[in-house]
Amino acid sequence: MAEERYPFKDIEQKWQRYWQEQNLFSTPEQREKPKYYVLEQFPYPSGKLHMGHVRVYCIGDAIARYMRMRGYNVLHPMGFDAFGLPAENAAIKHGVHPGEWTKRCIEQMKHQQNALGLSYDWEREVITCEPKYYRWNQWLFLKFYERGLAYRKKAPINWCPSCQTVLANEQVISGKCWRCESPVELKSLEQWFLKITAYAEELINELDSLPEWPEHIKTMQRNWIGRSQGTLVNFRIKDSDELLPIFTTRPDTLYGVTFMVFAPEHPMVMELVKGSEYETPVKEFAAKVVIQDKFYRTAEDREKEGMFTGRYAINPLNGEEIPIYVANFVLMEYGTGCIMAVPAHDQRDFEFARKYNIPIKVVIQPPGEQLSPDTMTEAYVEPGVMVNSAQFSGMDSELAQKAITDYLVEQGWGKPTVQYKLRDWLISRQRYWGTPIPMVYCEECGIQPVPETELPVLLPENVRFGGTGNPIETAQEFINTACPNCGGRARRETDTMDTFFDSSWYYLRYCDSRNEDAIFSPDDVHYWMPVDRYVGGVEHAILHLLYSRFFVKAMRDIGLLKFDEPFTRLLAQGMVTKDGKKMSKSFGNVVEPNDIIDKYGADTARLFILFASPAEKELEWSDQGVEGCYRFLNRVWRFVRNNLPAIQKGFELREVEECAPTSHPEDKRLFRLIHHTIKRVTSDMEERFHFNTAIAASMEMLNGLSTYTVRDDKHSQRLIFEAVRTLLLMISPFAPHIAEELWHQIGYSTPILLESWPEYDESALQVEEMLIVVQVNGKVRSRITVDADLPEDEIKQTALNDEKVKKFIQNKPIRKIIYVPKKLLNIVV
RNA sequence: GCGAGAGUGGCGGAAUUGGCAGACGCGCCAGACUUAGGAUCUGGUCCCGGUCUCCGGGAUGGGGGUUCAAGUCCCCCCUCUCGCACCA
């Protein structure tokens with residue numbers, strides 16, 4: 001064999017075993033050192049890693065290894081989001097207990113993670129389906145319950161017929177279940193909720209205190225929380241004592257209200273029409289609308305439909321009588337479930353008014369124009385001058401918003417209000433494989449929390465899968481219990497928690513995961529938290545990230561935490577694609593991580609994933625790109641092997657011989673190359689987390705290194721050793737196995753993993769000569785090489801004397817010369 | 001419709017504050033070594049033109065502007081991706 005290919009299989013196994021045996025990934029307990037908490041979103045244990053997983057882990061691991069080398073105390077844990085439906089479905093299908101199935105999946109995934117050489121501190125592993133973890137879910141739930149943050153209410157909720165359980169609003173994507181994409185149905189059930197809305201204001205405001213979160217993620221959260229500032233106005237109902245409160249963001253249009261609209265399911269509607277000729281048609285209409293699923297009903301192009309109720313409201317400002325309608329486009333769950341309609345200045349109201357021949361009244365005129373209700377073809381929604389608005393006429397409409405609101409407050413007819421789209425988080429799930437909600441229902445005392453001392457409420461093992469309803473209901477010995485208050489007969493809650501509950505605080509548990517007496521020690525949590533770098537996919541932009549932020553705030557108010565936000569910096573990594581499409585079974589374009597590791601090794605896989613694209617962008621898989629990275633590692637291998645004797649001599653000399661360039665120009669070049677590359681790679685890693693350019697710089701260094709001929713003298717040996725040593729250190733966060741192997745081959749007996757990141761010497765970057773680009777009128781005309789210490793005047797003179805430059809200046813007068821130090825000279829003629 | 005992001009060679013992507021556009025890798029072309037190469041090494045590779053080791057012109061989705069200088073800043077337009085989408 002003429003050229004050897006490096007034996008990655010042996011090397012990778014060898015060092016994985018070594019790292020593990022030496023316990024090198026365990027978290028150092030040196031509190032005096034600065035800490036760095038790098039975390040990748042823990043996976044659901046499906047049993048098999050996909051490229052998306054591999055990508056997140058490679059990013060996180062490169063950061064962890066780099067920060068260790070920079071002298072930080074690094075916490076880099078991993079665990080499994082182990083509760084969830086797939087395990088339960090597997091139980092139904094294959095007759096395996098979900099616990100067994102999950103355990104097997106975890107083992108397989110862990111095996112793959114270790115084969116990638118990921119530097120996790122497995123001693124801190126968190127597996128959410130274990131009682132030692134979920135008991136703290138229950139404990140937290142009880143704390144929330146004490147504070148009124150967990151409560152039970154009957155509400156219209158989203159039901160996924162396929163998963164046979166309810167879903168939170170966030171888990172319904174375009175009217176479909178986030179997990180199985182079945183259309184979601186509406187049901188009315190009594191369920192457990194967490195009061196996330198209590199934190200709506202803080203959740204939206206604090207986004208501004210997260211400058212290192214990607215803007216698009218923050219925008220998505222802002223949209224989801226949906227804050228809008230407006231005014232609550234109380235209309236009266238004619239022939240009734242009832243008040244009719246409505247929310248509007250446009251109090252300036254109050255004089256233009258020509259009808260009111262109720263959501264069909266609004267409880268007041270039936271009272272209003274009771275006994276009248278309108279009762280039956282309105283009832284039928286409401287029934288028709290309510291059964292339409294929410295997504296269908298709220299699609300924007302949905303035809304607006306409604307019906308008059310026969311009743312009137314009274315506008316508090318001018319006493320006008322206003323007809324009340326019900327219509328499909330008004331939503332019960334937003335605002336008060338009833339709106340004031342101003343067709344002249346709201347497009348929806350305009351369409352509805354035209355369709356049902358309701359009068360249109362203009363109260364705002366655009367600058368330099370006169371709108372007339374008869375000729376308008378769409379609503380005018382911009383600001384303008386107030387008209388037909390009593391004492392407010394003539395005002396600027398934007399100023400009138402405040403003026404009218406103030407007037408309403410004065411008269412006791414309304415007040416400024418803020419509305420949110422965010423709803424409370426529905427956490428009950430009618431499924432087995434989750435954390436039991438620690439509550440009991442007593443025939444005498446009603447709902448009672450399970451006392452803390454009785455936690456955990458264990459999931460019953462002995463249940464029947466595959467019947468109808470929640471399997472947990474087949475465990476009689478679980479359901480039947482004694483009331484913690486009176487000791488009488490009671491029934492346990494059979495709903496389990498949404499698994500997003502588990503993942504909302506797991507990163508806190510890593511700080512002290514083996515604590516059996518408490519959820520965590522405050523010292524540990526406050527040393528490590530917040531997470532310095534959180535890496536994960538955008539798919540959790542709202543769900544997991546919003547819930548986690550809510551948990552931290554709620555736990556802070558309970559007194560468990562002293563900080564406000566869980567994740568300081570968020571790195572939302574891009575999708576992995578192949579042939580321009582997301583990797584998926586249905587496209588048949590899936591690349592299996594195992595196949596790549598088998599064929600090229602983990603180092604190549606890691607290197608390619610980080611090299612092919614910046615972390616936050618899409619990554620297009622390319623088999624040839626992988627080959628390219630494999631070639632690079634082979635070149636590193638061969639270079640070291642072919643020069644091993646000289647490098648080893650350099651190693652021996654490392655303490656007696658200073659590494660400095662001789663007068664030999666090749667030595668100077670190499671010396672500068674070393675320090676120049678350190679500078680580039682360090683700034684790519686440190687400031688920008690641009691691994692692709694960091695790797696490119698290392699590749700360039702090797703290219704420069706391969707043209708260096710080692711001489712049989714001390715200086716040259718010392719220098720080549722230094723170059724190789726530096727290169728290995730700099731590729732070690734990306735390709736740790738080959739770096740570790742060659743590190744030992746060149747002479748070291750201690751692991752590269754514990755080495756410090758190389759430092760560059762600014763003076764080593766000094767050059768004797770520099771290349772100045774000379775432009776004439778902004779176009780490059782020449783390049784001149786001058787002494788590095790040549791004064792500006794002389795550089796200018798040299799440039800002006802340059803033949804090529806002269807040609808372009810000819811005899812034209814020189815207007816200006818701009819000099820950018822060490823780079824460029826622009827002569828303007 | 002609203003919001004966010006993006007648009008650079010045949011491809012993935014570089015260009016940190018406005019300062020040589022196309023680093024690095026892939027692919028392609030040529031050569032070397034070879035029984036052979038889909039191994040390895042060396043050189044070349046944005047487009048157009050010319051008197052072709054050199055010289056000139058053009059080029060970062062399109063158009064305009066600021067500037068000595070624009071991929072980068074400002075204005076208008078086009079395309080794509082993602083998110084929200086009757087939220088009163």
Side-chain angles (χ1 to χ4, degrees), chain A residues 1-5 173-174 214-224 226-228 230 246-250 253 261 295 297-304 327-331 333-342 346-349 351-352 419-421 538 541-542 574-575 607-608 611-614 616-629 631-632 634-635 638 680 683-684 687-688 690 692-700 702-703 706-707 771-783 804 807 815-821 823-829:
Chain A
M1 192 160 63
E3 297 288 349
E4 61 179 320
R5 317 221 67 194
I173 316 287
S174 302
E215 205 49 52
H216 69 282
I217 305 271
K218 289 194 277 187
T219 306
M220 283 166 75
Q221 292 212 357
R222 278 191 198 103
N223 287 343
W224 186 260
R227 181 183 198 277
S228 71
I246 58 96
F247 175 74
T248 178
T249 53
R250 292 296 300 274
T253 63
V261 191
F295 183 68
R297 182 174 151 193
T298 57
E300 195 172 7
D301 48 10
R302 183 86 203 112
E303 175 79 22
K304 289 170 184 46
N328 60 349
F329 70 94
V330 175
L331 306 173
E333 58 269 29
Y334 187 77
T336 61
C338 176
I339 62 158
M340 66 178 214
V342 187
D346 181 288
Q347 189 56 26
R348 294 156 300 179
D349 300 347
E351 285 165 29
F352 193 83
Q419 279 288 329
Y420 302 95
K421 261 167 57 183
V538 265
I542 294 171
M575 228 179 11
L607 195 69
F608 169 73
F611 176 63
S613 166
E616 63 277 6
K617 287 229 243 165
E618 229 172 53
L619 169 77
E620 169 71 14
W621 190 267
S622 151
D623 293 336
Q624 283 155 338
V626 177
E627 295 262 5
C629 288
R631 268 203 286 269
F632 169 68
N634 272 299
R635 287 180 65 208
R638 272 196 307 272
R680 282 177 68 191
S683 85
D684 283 348
E687 291 147 32
R688 312 192 301 162
H690 278 197
N692 55 334
T693 50
I695 293 167
S698 292
M699 286 174 168
E700 281 183 69
L702 180 67
N703 291 345
S706 351
T707 57
L771 184 76
I772 303 288
V773 171
V774 185
Q775 298 181 329
V776 178
N777 286 343
K779 294 204 169 170
V780 180
R781 294 307 180 184
S782 182
R783 296 172 178 85
K804 292 180 204 154
K807 203 173 101 194
R815 288 225 317 257
K816 205 187 213 179
I817 299 180
I818 290 128
Y819 178 59
V820 181
K823 270 186 189 157
L824 174 142
L825 196 73
N826 190 8
I827 303 165
V828 188
V829 294

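Below, read A as the first sequence line, B as the second, and so on, with proteins coming before strands; counting in each chain starts at 1. The basis for the numbers below is simple: all heavy atoms, side chains too, and nothing from hydrogens, waters or symmetry mates.
Comparing B/rA6 with B/rG44, their P atoms sit 35 Å apart, to the nearest whole Å. B/rU16 and B/rG22 are spaced 13 Å apart, taking the P atom of each and rounding to whole Å. Between B/rC78 and B/rG19, the distance separating the two C1' atoms is 30 Å to the nearest Å. Nucleotides B/rG61 and B/rA21, compared at atom P, are 16 Å apart to the nearest Å. B/rA70 and B/rC86 are spaced 46 Å apart, taking the P atom of each and rounding to whole Å. Comparing B/rC29 with B/rG65, their P atoms sit 44 Å apart, to the nearest whole Å. Rounded to a whole angstrom, the distance from the P atom of B/rG38 to that of B/rC48 is 29 Å. Here, B/rG9 and B/rA59 have their C1' atoms 10 Å apart, quoted to the whole Å.
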| request: Take A/Y819 and A/I772, measure what side-chain contact (heavy atoms from CB on, under 4.5 Å) needs, and give me the verdict at the end. | output: CA-CA 10 Å; A/Y819 178 59; A/I772 303 288; 4.0 Å; yes
| said: Walk me through whether A/F247 and A/S228 qualify under side-chain contact (heavy atoms from CB on, under 4.5 Å). | reply: CA-CA 10 Å; A/F247 175 74; A/S228 71; 3.8 Å; yes
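A sub-4.0 Å separation between OP1 or OP2 of B/rG25 and a side-chain N or O of A/N703 is present. Phosphate proximity of B/rC26 to A/R631: present, with a side-chain N or O under 4.0 Å from OP1 or OP2. Distances shorter than 4.0 Å separate some side-chain N or O of A/K816 from OP1 or OP2 on B/rC68. In this structure, A/R222 does not reach the B/rA4 phosphate: none of its side-chain N or O atoms is under 4.0 Å from OP1 or OP2. Listed pair A/R635 / B/rC41 meets the phosphate criterion, a side-chain N or O lying under 4.0 Å from OP1 or OP2. Remark: A/S228 is in phosphate contact with B/rA88, judged by side-chain N or O atoms under 4.0 Å from OP1 or OP2.
Rounded to whole Å, the distance from CD on A/E627 to P on B/rG38 is 13 Å. Atom P of nucleotide B/rA23 and atom CZ of A/F611 are separated by 12 Å, given to the nearest angstrom. Put simply, CD on A/E700 is 9 Å from P on B/rA23, counting in whole angstrom units. Here B/rG3 presents its C1' atom at 11 Å from NZ of A/K421, a figure rounded to the nearest Å. B/rC20 atom P lies 12 Å from atom CG of A/L771, rounded to whole Å. We find that CD of A/E618 is positioned 14 Å from C1' of B/rC11, with the value rounded to whole Å. When the C1' atom of B/rC86 is taken as reference, atom CD of A/E333 falls 12 Å away, rounded to whole Å. For A/N777 and B/rA69, the CG to C1' distance is 10 Å, given to the nearest whole Å.
The side chain of A/Q624 approaches B/rG27 more closely than any other nucleotide in the set B/rG13, B/rC24, B/rG27. Candidate nucleotides B/rA4, B/rG27, B/rG13 were compared by shortest atom distance to the side chain of A/N692, and B/rG13 ranks first. Looking at the side chain of A/T693, the nearest of the listed nucleotides B/rC86, B/rA14, B/rC24 is B/rA14. Looking at the side chain of A/R638, the nearest of the listed nucleotides B/rG83, B/rC24, B/rU40 is B/rU40. Distances from the side chain of A/N223 to the nucleotides B/rC84, B/rC68, B/rC24 place B/rC84 closest.
Put simply, the side chain of A/K823 and the base of B/rC20 share no donor and acceptor less than 3.5 Å apart. In this model, a side-chain donor or acceptor of A/N826 finds a partner on the base of B/rC68 within 3.5 Å.
Counting all heavy atoms, side chain and backbone alike, A/S622 lies closest to A/F608 at N-CZ, 3.6 Å. Taking each heavy atom of A/E351 and A/K304 in turn, the nearest pair found is OE1-NZ, 3.3 Å. Scanning both residues, A/A327 and A/F352, for their nearest heavy atoms gives CB-CE1, 3.7 Å. When all heavy atoms of A/I818 and A/K816 are compared, the pair lying nearest together is CD1-CD, 4.0 Å. Heavy atoms only, all atoms of each residue included: A/C338 and A/I246 are closest at O-CG2, 3.5 Å. Considering every non-hydrogen atom in both A/N223 and A/K421, the closest pair reads O-NZ, 3.3 Å.
A/Q221 places a side-chain N or O within 3.5 Å of a backbone atom of A/A541 that can act as its donor or acceptor partner. No side-chain donor-acceptor contact under 3.5 Å links A/D684 to the backbone of A/A697. A/S613 places a side-chain N or O within donor-acceptor distance of the main-chain N or O of A/E618, the cut-off being under 3.5 Å.
Using a 4.0 Å heavy-atom distance criterion, A/S698 is classed as making no nucleic acid contact. A/P214 comes within 4.0 angstrom of nothing in the nucleic acid, heavy atoms only. Using a 4.0 Å heavy-atom distance criterion, A/G628 is classed as a sugar-phosphate-only contact.
Taking the side chain as every heavy atom from C-beta outward, A/T693 and A/R680 never approach each other to under 4.5 Å. Proximity of A/D349 to A/F329: side-chain heavy atoms (C-beta onward) are separated by under 4.5 Å at one or more points.
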| task | Toss me the dot-bracket line for RNA chain B: Watson-Crick and G-U wobble, both under 3.5 Å, 5' to 3', using | for pairs to another strand and [ ] for crossers. | result | (((((((..(((......[....)))((((((.......))))))(((((...)))))..(((((..]....))))))))))))....
| What string of B, S and - do you get for nucleotides 50-57 of chain B, 5' to 3', when a contact is any protein heavy atom under 4.0 Å? | -----SSS
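Place A/R783 and A/I339 on RNA chain B by their nearest nucleotides, and A/R783 ends up nearer the 5' end. Judged by closest nucleotide on RNA chain B, A/S622 is the one of A/Y420 and A/S622 placed further toward the 5' end.
Nucleotide B/rC52 carries a syn base; the chi torsion (O4'-C1'-N9-C4 or O4'-C1'-N1-C2) is within 90° of 0. B/rG13: glycosidic angle beyond 90° from 0, hence anti.
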